[in-house]
Structure formats: structure tokens, C-alpha cells
Protein chains: 2
Amino acid sequence: MSDHSHPASEPDVCTRRSSTGHLVIIGGNEDRVHEKRVLRRFIELTCVSDPKIVVLTAASSFHEEVSAIYDRAFGELGVTHRKALAIHSREDANHPAMVEEILSADGVFMTGGDQRRLLAMVGGTHTYNAMHRAFTERGTCIAGTSAGASAMSAHMIAEGQGDIHPEKGVVSFAAGLGFLQRAVVDQHFSERRRLGRLMAVVAQNPTLLGIGIDEDTALVVERGSGFEVVGDGAVTLVDGRQMSSNFLDIGERELIELINVRLHLLPAGASYVHRAGACSDAQVCRELTPTLHEIVDILSSNETVS
Amino acid sequence: MSDHSHPASEPDVCTRRSSTGHLVIIGGNEDRVHEKRVLRRFIELTCVSDPKIVVLTAASSFHEEVSAIYDRAFGELGVTHRKALAIHSREDANHPAMVEEILSADGVFMTGGDQRRLLAMVGGTHTYNAMHRAFTERGTCIAGTSAGASAMSAHMIAEGQGDIHPEKGVVSFAAGLGFLQRAVVDQHFSERRRLGRLMAVVAQNPTLLGIGIDEDTALVVERGSGFEVVGDGAVTLVDGRQMSSNFLDIGERELIELINVRLHLLPAGASYVHRAGACSDAQVCRELTPTLHEIVDILSSNETVS
């Protein structure tokens with residue numbers, strides 16, 4: 001971590017900051033041109049005044065185009081130390097230079113594209129290990145948008161139709177990056193009407209918390225201490241632990257009966273923290289109720305569910 | 001009630017039948033041409049072999065056109081005693097001939113249109129009283145589709161935008177017909193993406209069970225004994241009794257934070273009854289769990305919530 005003081009604008013979050021960094025999980029299509037609330041928050045959460053940001057475009061087949069967009073956006077936000085990492089192969093992802101870039105960064109940003117591509121390139125490589133080391137040992141802020149958001153969870157939605165209703169067998173999974181062990185992330189959530197798909201995921205995997213993130217919206221996880229929702233839309237949480245379903249009794253593509261799904265809808269603009277005093281002015285602060293406390297525990301867990 | 005024996009095809013429901021009739025609450029756009037599963041079930045639930053069906057078109061400004069559609073559909077289903085009632089004013093609705101038609105019917109079917117128009121015509125009239133008497137004293141089956149479904153509840157959605165997310169102040173209410181006292185019905189539910197709107201309703205009225213019914217789908221209420229879902233889609237139930245929200249703290253059109261909404265999704269094809277033995281072959285039968293038992297109680301309640 002660079003030897004910078006905390007910026008004056010956000011003393012609280014950076015004071016609260018634990019040894020692990022923040023996760024900034026973005027539902028895609030975040031504003032990169034105007035107010036850039038989500039990207040701005042990512043920069044703030046590096047908790048240094050002149051952060052080094054690296055952009056991972058590995059999810060995308062268009063490294064030049066995508067990196068240019070974020071180079072401009074982060075430049076406009078005053079980031080002088082910024083670099084896009086071109087990973088076109090697993091060899092690239094295993095190169096010591098990549099590891100060095102990751103380990104010297106204050107923030108790592110994963111772009112959109114295809115989460116399967118991202119994992120095929122990066123999964124299990126030295127870059128992958130370096131990201132986890134940076135996050136857990138150095139407190140590096142890890143952000144991902146769209147495919148980069150899906151890749152955050154250990155159990156990753158690889159692909160799946162987003163039908164109106166939850167249907168059996170429409171979603172396929174793959175191993176993600178594992179920054180969230182007991183949750184599964186879906187993005188472009190309200191815009192692509194993916195509640196049915198996420199409920200199908202939870203019906204099949206009731207131990208996983210379903211996280212649906214809208215476009216231009218981020219769920220920020222402060223591991224062990226709280227979370228916040230930033231941007232323009234909302235985050236939908238689908239908790240199936242008390243649910244009963246007929247998942248095992250029905251055939252492929254049949255509608256799933258679900259009883260007792262718990263659903264939380266968290267609009268952008270609020271922080272959910274242990275003590276409401278420890279919160280910035282820009283956000284509405286909420287003390288953690290028992291329900292929200294459980295969510296913090298789930299988001300913070302390093303335990304993989306079996 | 002006509003002196004007919006129960007039809008052989010559906011002995012169970014009619015044996016189970018209590019002194020009050022069934023409610024057949026249809027999400028609109030039910031099949032009137034092909035298999036007509038929902039309309040067929042309505043006819044079966046009159047529990048007589050040669051039922052008299054009256055069609056109330058008062059929600060619609062197009063009595064002739066709408067009544068012709070149902071005349072043909074019910075005719076194709078073998079209903080010989082069928083009549084569309086033309087109510088163009090409250091005077092019509094207070095006419096003794098209307099009361100006689102309602103009280104001699106085995107099934108009353110309310111068409112779509114505008115639920116405000118239906119209530120403006122019928123609310124508090126002799127026709128209204130006759131419908132309640134027929135339902136509670138004679139066991140007449142009461143059906144309504146689209147506007148006719150919305151009108152079923154005591155607290156009726158009068159109008160409201162169906163945005164992606166629940167927003168404060170987007171739904172306006174009016175007094176409905178009151179066949180359901182502790183619930184509120186929304187129709188064309190998945191097709192018009194109305195979960196946000198229904199959650200906004202429940203956020204404002206946590207004592208009401210939100211009922212979202214898809215097109216060509218019906219929630220059939222057997223008061224006191226169970227319910228079933230018929231047709232092609234699903235019924236979504238939104239239970240906000242354990243919910244917390246920031247409804248009181250936010251301004252109009254702001255997104256509502258909702259924590260601990262309980263959601264049930266019930267695909268068509270299942271009956272939820274006290275004893276699974278008492279169920280027809282066409283439906284999958286489910287015994288009532290404590291959660292579903294509560295739902296039956298809510299759907300059966302004659303108590304108005306304050």
C-alpha cells in the first residue's frame with residue numbers, strides 16, 4: 001500500500017478499514033462519463049489520496065477499447081497512476097510482471113465481458129493468487145463490473161436465461177474467483193429482469209445468498225463490518241435458507257414452487273454498519289438489525305459452503 | 001342453487017365445498033379460445049352439472065363486444081344457461097331484475113376493463129349486495145379477470161405505475177368489492193412486471209397480503225379449506241408482516257428499502273389443502289404447511305384490517 005494519508009472526504013470508511021480491503025461489486029453499465037458515482041466510490045475506497053489503479057480487461061475480447069474507456073474515466077476522476085493489464089492467455093496471467101502490478105495496486109478493477117473468459121484466463125494463476133493476497137494482506141480494494149461482478153463469487157453464474165419465473169435447469173454454474181464464498185452474484189439485475197433466474201439459483205442452492213445488482217449500482221462489502229449500496233439502482237438479496245421448494249420433484253424447464261423466500265431490497269444511498277455514527281455524510285446510515293447482521297456475516301465469510 | 005348433482009369429474013372440490021362459494025381470481029388474458037383451462041375450472045367450481053352463469057361487464061365500456069367473447073367461450077364449454085348483464089349505470093345495478101339474475105346464478109363472472117368503473121357502477125348497490133349474498137349464503141362461485149380480479153379485494157389497487165422497483169406514492173387505492181378482506185390483488189403480474197408495484201403496496205400496507213396473478217392463471221380460493229392455482233403461469237404472494245421498511249422516512253417516488261419480505265411463488269397446477277387425499281387428479285396436491293395455513297386464514301378472513 002502506498003504511503004499516503006487518508007483523503008479528508010472519507011475518513012470514516014478508511015478508519016473502519018480492516019486488514020482486508022473492500023469489494024465493490026457493480027451491476028454493469030456504471031456511469032463512466034458524468035457523475036461517475038460508483039467509480040468515484042471505488043477510488044475513495046482505496047483509502048489513499050493518490051492511488052494506483054489497475055484495470056483487468058481479461059473478461060473482454062476488446063482489451064484496447066475497454067481499457068481506453070476506463071483510462072479516460074479514471075483519469076477524469078484524478079487518478080494519475082492507472083494501468084490496464086492485457087491478459088490474453090494464462091501465460092500472461094502467470095507472468096511475474098502481472099503479479100507485481102497487482103501487488104503494488106491500491107485498487108483492482110475487473111471490467112465486463114464474459115465471466116467464463118475471465119476465469120479461463122485468470123482462474124488459479126499467479127494473477128489470481130496475487131489478487132487474493134492483495135485483498136487479504138494489503139487491503140487492496142477489488143472491484144468488478146458485470147462479468148467482473150459475477151466472477152466475485154465462488155459459485156458463479158456461468159450463463160442462464162433470465163425468464164420471468166424461476167425455472168429448473170436454466171442456469172449453469174462455474175467456479176468463480178471466490179471473494180464471496182457463501183453468495184452468488186447476478187448483474188444487470190432489474191434491467192434484465194433476473195429475479196426469476198436468481199430465485200432459480202437459490203432454489204437449487206439454498207445455502208447461497210442470491211445477490212442481484214442493478215446497473216450503475218454497486219454493493220460495497222466491508223468484510224466483517226458492514227456493507228453499502230452506491231449508485232443509482234438497488235441491490236436485491238434473495239435468502240432461501242428458510243425456503244421450501246419442489247426443485248427435486250419437477251422436470252427441467254418447469255416452474256419452481258418456492259415458499260418462504262426472504263427478500264431484501266436495498267436502494268442505493270445507504271450504509272449498513274455496526275454503529276451508525278461511523279458513517280460518512282453522503283450515505284444514509286443504518287444500524288445492523290439481526291437480519292442485516294446475518295448478511296454481513298454471509299458476505300464476510302471465508303468458509304466455502306459444500 | 002339449482003338442484004343438480006355434482007359432476008362426476010370433480011367430486012372432491014364439490015364435496016369439500018362449504019357454505020361459501022369459491023373465488024376464482026384471474027390475472028387477465030385467460031384463454032377463451034383453445035383449452036380454456038381457467039374458464040373450465042370456473043364452470044366446474046359452480047359444482048352443478050348444468051350451471052347458470054352470469055357475466056358482469058360493468059368494468060368495460062364495451063358491453064356488446066366483451067359479452068360476445070364470453071358468450072362464445074362459455075357456450076363452447078357447454079354452458080347452456082348463460083347471460084351477460086348490461087349495467088350502464090347505478091340505476092341498472094339497483095334494478096330488482098339484476099338482483100334476481102345474480103341470486104339465481106351458480107357462477108358470476110366479472111370481465112376486465114377498469115376496476116374503478118366497475119366499483120363506480122356496482123359498489124354499494126343491490127347488485128353488490130346480491131353478489132355477497134349469493135357467495136356467502138348460496139355458495140355461488142365468483143370469478144373476476146383483470147379489473148374483475150383487482151376488484152375482488154376490499155383494498156383495491158385503483159391505478160399505479162408498474163416500475164421495476166417499489167417506489168413510494170406510485171399506487172393509488174380505492175374501495176373494492178371486499179371478497180378478500182386482508183389481501184390486495186394485482187393482475188397481469190409477471191407480464192407487466194408488477195412485483196415492484198406490489199411490494200410498494202405491501203410496504204405501505206404491511207397488514208395486507210400482496211397477491212400477484214399472472215395472465216391466463218387463476219388463484220382459486222376455497223374459503224376456510226385451501227386454495228389452488230390454475231392455468232399457465234404462477235401466483236406470487238408478498239407477505240410484509242415481518243418486513244421493515246423506510247416508507248415513512250422517504251419522499252414521493254423514492255425507492256423503498258425493504259428488509260425481510262417473505263415471498264411465495266406458486267406455479268399453476270397445484271392445490272393446497274388440509275388433507276392431500278381430498279384433491280382431484282388433475283392437480284398436484286400439497287398439504288398445508290404452517291406458512292400455507294396462514295395464507296388460507298388470510299384468504300378466508302372476513303375481518304377487515306384497519
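The figures here come from the full heavy-atom set of this structure, side chains too, leaving out hydrogens, waters and symmetry mates. Just so it is clear: chains get the letters A, B, ... in the order the sequence lines come, proteins before strands, and each one is counted from 1. All values reported here derive from a predicted model rather than from experimental measurement.
Only the backbone of A/I256 has a heavy atom closer than 4.5 Å to any heavy atom of chain B. B/D249 does not touch chain A: none of its heavy atoms, backbone or side chain, sits under 4.5 Å away. Neither the backbone nor the side chain of A/D239 comes within contact range of chain B; no heavy atoms are under 4.5 Å apart. Heavy-atom distances place the side chain of A/M199, and not its backbone, under 4.5 Å from chain B. Within the 4.5 angstrom heavy-atom criterion, only side-chain atoms of A/D214, from C-beta onward, approach chain B.
Ranked by non-hydrogen atom pairs under 4.5 Å with chain B, the options A/S245, A/A234, A/G233, A/S190 are led by A/S190. Interface summary for chain A: among B/T289, B/N260, B/L255, the most heavy-atom pairs under 4.5 angstrom belong to B/N260. Of all the listed residues (B/L237, B/L292, B/T291, B/N246), the one sharing the greatest number of non-hydrogen pairs under 4.5 Å with chain A is B/T291.
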### Task
Could you go through the side chain to side chain contact (heavy atoms under 4.5 Å, CB included) check for A/R262 and B/I259 one step at a time?
CA-CA 8 Å; A/R262 282 203 300 172; B/I259 293 167; over 6 Å; no

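Of the candidates A/L266, A/L265, A/T236, B/L258 forms a side chain to side chain contact (heavy atoms under 4.5 Å, CB included) with just one, namely A/L265.
Between B/R286 and A/E257, the closest side-chain pair of non-hydrogen atoms falls below 4.5 Å.
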